Amino acid sequence: MSGLLRARRGAVVVFGLAALTPLVVRDAYFLDSLVLILLWGALSAAWNVAGGYAGQVSIGHASFFGIGAYSAALMVTRFGRGPWLGLLVGVVLSIGAGLIIGVLSNRLKGPYFALSTIAFSQVLLIGVSRWRGFTAGAEGIPVPFRSGFATLGLGHTGWVYMALSVALVCYAVEVYLERSRVGYQLAGVREDEDAAEALGIHTRKLKVGAVALSAALTSICGSLWAQYVGFVDPTYVFSVDLSVRFALNAIIGGMGTALGPFLGSILITSLETYLRATFSNWDARFAGIYLVIYGTALILVVRFVPEGLAGIAARIRMRKAHA
Amino acid sequence: MSDTAPILDLDCVTKRFGGLTAVSGVSLRVAAGEILGIIGPNGAGKTTLFNVISGYYRPESGRILFAGADVTGQPPHAICRLGLTRTFQLVKPFGNLSVIDNVMIGALTRLPTVSSARLEAERVVEMCGLAAHAGGHARTLPIGLRKRLEVARALATRPRLLLLDEVMAGLNPTELAGIVELIRRLHADGLTLIVIEHIMAAMMRLAQRIVVLHHGEAIAEGAPAAITQDRRVVDAYLGEEFVLAQA
Ligand SMILES: Nc1ncnc2c1ncn2[C@@H]1O[C@H](COP(=O)(O)OP(=O)(O)OP(=O)(O)O)[C@@H](O)[C@H]1O
Ligand SMILES: [Mg+2]
């Protein structure tokens, strides 16, 4: 156990600090940022299961996020039931959608697969926007706040621990994929499908499974996000922007590494929150500034550390070991 | 051929790419414990034949029996699990993984746990002379060792029949001697092999029987010494110089 903790030192620090923060910090704004860092990190970790570990790079993961968000919101507002049941329904629907996308991944490679995932999220966007009678269309749905765990009406501290729990679940899934039999086989699929087949690996089944698992995790985060923010609308939850964010946090942090997505989220989310606060008093022209930051961060990472932020840590460790 | 059932039995197998018939009505049998050589000029259909046998291409017609089971049209992973696997002429290492992990992924096909597969991989890596490179990334290996890695990874799946596609091409004489030695050892341990090779000297030393492919057809079959005397083989593939050199 102590060996595992030492090997996962970075994670212990990141998640440990997150767990301790609410004990000393009461500032709502700060805690809100922390919840978002953890949720976006968890979402990128969920994306990483398909994109990083299985090599199925999707730019349509907002589909699953949106399915989760709407399932929870509609369960509360239309059916008068708890959001947890909505979360569960969302997971089932997202696994279904994940299976469809997974089958696509067996037919289409690389950019064609990525494009088809975008198309999938756009179809959902249009569908949910048009189905006004049920989904309230493009107007979106306000989710009422009812205090309590069963209704997911939590305070800031409660949300930090909720987001931390889901982050730990996603992180644990990633760690499992690094150490387990199926994880190694998935690495083979990612590296070379033909070679993996020759070694007795059912590549299609593994890819579909990874995408479905990734979809389920993404959906869970989406349901929680809907309850946290208290409002869902189709143009946001099914947006390409969101899909790109999931992918970018993971790429900047380190694709196919367990902690990478969280490092990416820490960098990007805190920069974004800080800059938004700073520039909000300025001109409306700066509203989209965070996109510029994304772009810049991505260029810098690709240029200087193609293996992502987690790669920097590995390099430092290597240098120390050699010194 | 012996009277026992063959481990591999191809019955009139044909594979077309559009108008091109890459493998044309090939029938052949391989006895358990045999080393069968396949030779033929570039584009003769040798690799395509391997792709058909190992499940990468479905033949337009014909039937493939492995150890008595009809495997025609089955996916490669299922065929591998039955005990038939192959190496790739254009090597396909898992480049970003270590050599030992490459081999371990092969071993996982027969073994339930990562730890047991790692032990097995260490054994295979040692046997194939890759121990010194076990921890390095596969993409950093020079070509000779990448070919060895192809063999090691395939062996880790514990095949009964192994198809080797030009694992000797591009090797220096020392590497060549090493891999010939390795194949002999595997054969002595009971493995059945089909070997595609352009290097005739190595082929003469290894194969007990040789099939010659030309334009997708099996034009000759026989013991190595007899094959080199065959008029059609000399015309299609070996050339007069070879015959003169042998004499
Ligand atoms: N996937 C494919 N699609 C179309 N044509 C193909 C394909 N694979 C092979 N061919 C063609 O089939 C013929 C046989 O090719 P194959 O690779 O089997 O030859 P080979 O005997 O292995 O040659 P070499 O000694 O050069 O490796 C060639 O004409 C080749 O161009
Ligand atoms: Mg070939």
Side-chain angles (χ1 to χ4, degrees), chain A residues 3-4 7 48 51-57 103 106-107 109 175-210 251 254-258 260 305-308 310-311 314-315 317-318 321-322, chain B residues 50-51 53-57 74-98 100-118 121 137-139 146 149-159 162-163 165:
Chain A
L4 182 65
N48 203 23
Y53 290 98
Q56 304 306 304
V57 173
V103 170
N106 283 331
R107 307 240 166 260
K109 303 270 173 240
V175 171
Y176 175 75
L177 290 182
E178 285 178 6
R179 307 166 61 90
S180 65
R181 180 172 191 269
V182 68
Y184 276 104
Q185 293 183 320
L186 208 54
V189 173
R190 177 189 67 211
E191 291 288 318
D192 192 307
E193 286 184 29
D194 282 341
E197 277 282 329
L199 300 182
I201 297 171
H202 196 324
T203 57
R204 286 164 164 253
K205 198 170 80 182
L206 276 190
K207 281 196 291 181
V208 173
I251 293 169
M255 254 220 264
T257 65
V305 262
E307 38 329 359
R315 268 193 217 173
R317 221 175 304 139
M318 199 94 96
H322 282 291
Chain B
F50 270 16
N51 281 332
I53 295 172
S54 55
Y56 286 85
Y57 296 144
Q74 287 208 36
H77 64 86
I79 293 176
C80 170
R81 287 179 196 174
L82 289 174
L84 191 175
T85 193
R86 51 88 61 86
T87 65
F88 293 93
Q89 181 178 357
L90 298 172
V91 292
K92 294 176 184 287
F94 301 138
N96 295 311
L97 306 182
S98 68
I100 192 85
D101 283 356
N102 267 263
V103 179
M104 193 186 76
I105 291 171
L108 281 171
T109 291
R110 301 280 174 224
L111 299 169
T113 66
V114 171
S115 53
S116 58
R118 190 169 292 284
H137 276 167
R139 66 176 133 83
R146 285 190 204 198
L149 178 57
E150 282 284 317
V151 178
R153 214 169 42 173
L155 283 176
T157 70
R158 295 198 189 147
L162 178 58
L163 315 183
D165 195 348

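Convention: sequence-line order gives letters A, B, ...; per-chain numbering from 1. Model, not experiment: these values are computed from the prediction.
The side-chain heavy atoms of A:Arg181 and B:Thr113, taken from C-beta on, include no pair separated by under 4.5 Å. Looking at heavy atoms from C-beta onward, A:Glu191 lies in side-chain contact with B:Leu97 at the 4.5 angstrom threshold.
Looking at B:Pro112, only its backbone comes within 4.5 Å of chain A, counting heavy atoms on both sides. Contact annotation for B:Arg118: only side-chain heavy atoms (C-beta onward) come within less than 4.5 Å of a heavy atom of chain A. Residue B:Phe88 touches chain A through its side chain alone, counting heavy-atom pairs closer than 4.5 Å. Contacts between B:Asn96 and chain A at a heavy-atom distance below 4.5 Å involve backbone atoms as well as side-chain atoms. Residue contact with chain A, scored on non-hydrogen atoms closer than 4.5 Å, is absent for B:Leu82. With a 4.5 angstrom heavy-atom cutoff, A:Arg190 touches chain B only via side-chain atoms. Neither the backbone nor the side chain of B:Ser54 comes within less than 4.5 Å of any heavy atom in chain A.
Shortest non-hydrogen contact noted between A:Arg179 and B:Val114 is O-CG2, 3.4 Å. Closest approach of A:His202 and B:Arg81 over heavy atoms only: N-NH2, 3.7 Å.
When the candidates B:Gly55, B:Cys80, B:Pro75, B:Ala117 are compared by the number of heavy-atom contacts under 4.5 Å with chain A, B:Cys80 comes out ahead. Each of B:Thr87, B:Ile105, B:Thr157 has some count of heavy-atom pairs under 4.5 Å with chain A, and the biggest count is that of B:Ile105.
Under a cut-off of 6.0 angstrom, the local environment of NZ in A:Lys109 is crowded, with over 12 non-hydrogen atoms contributed by other residues, nucleotides or ligands.
Contacts between residues 192-199 of chain A and chain B, defined by a heavy-atom separation under 4.5 Å, are made by A:Asp192, A:Asp194, A:Ala195, A:Ala196, A:Glu197, A:Ala198, A:Leu199.
Taken to the nearest 0.5 Å, the CG atom of B:Leu108 stands 9.0 Å off from the OH atom of A:Tyr184.
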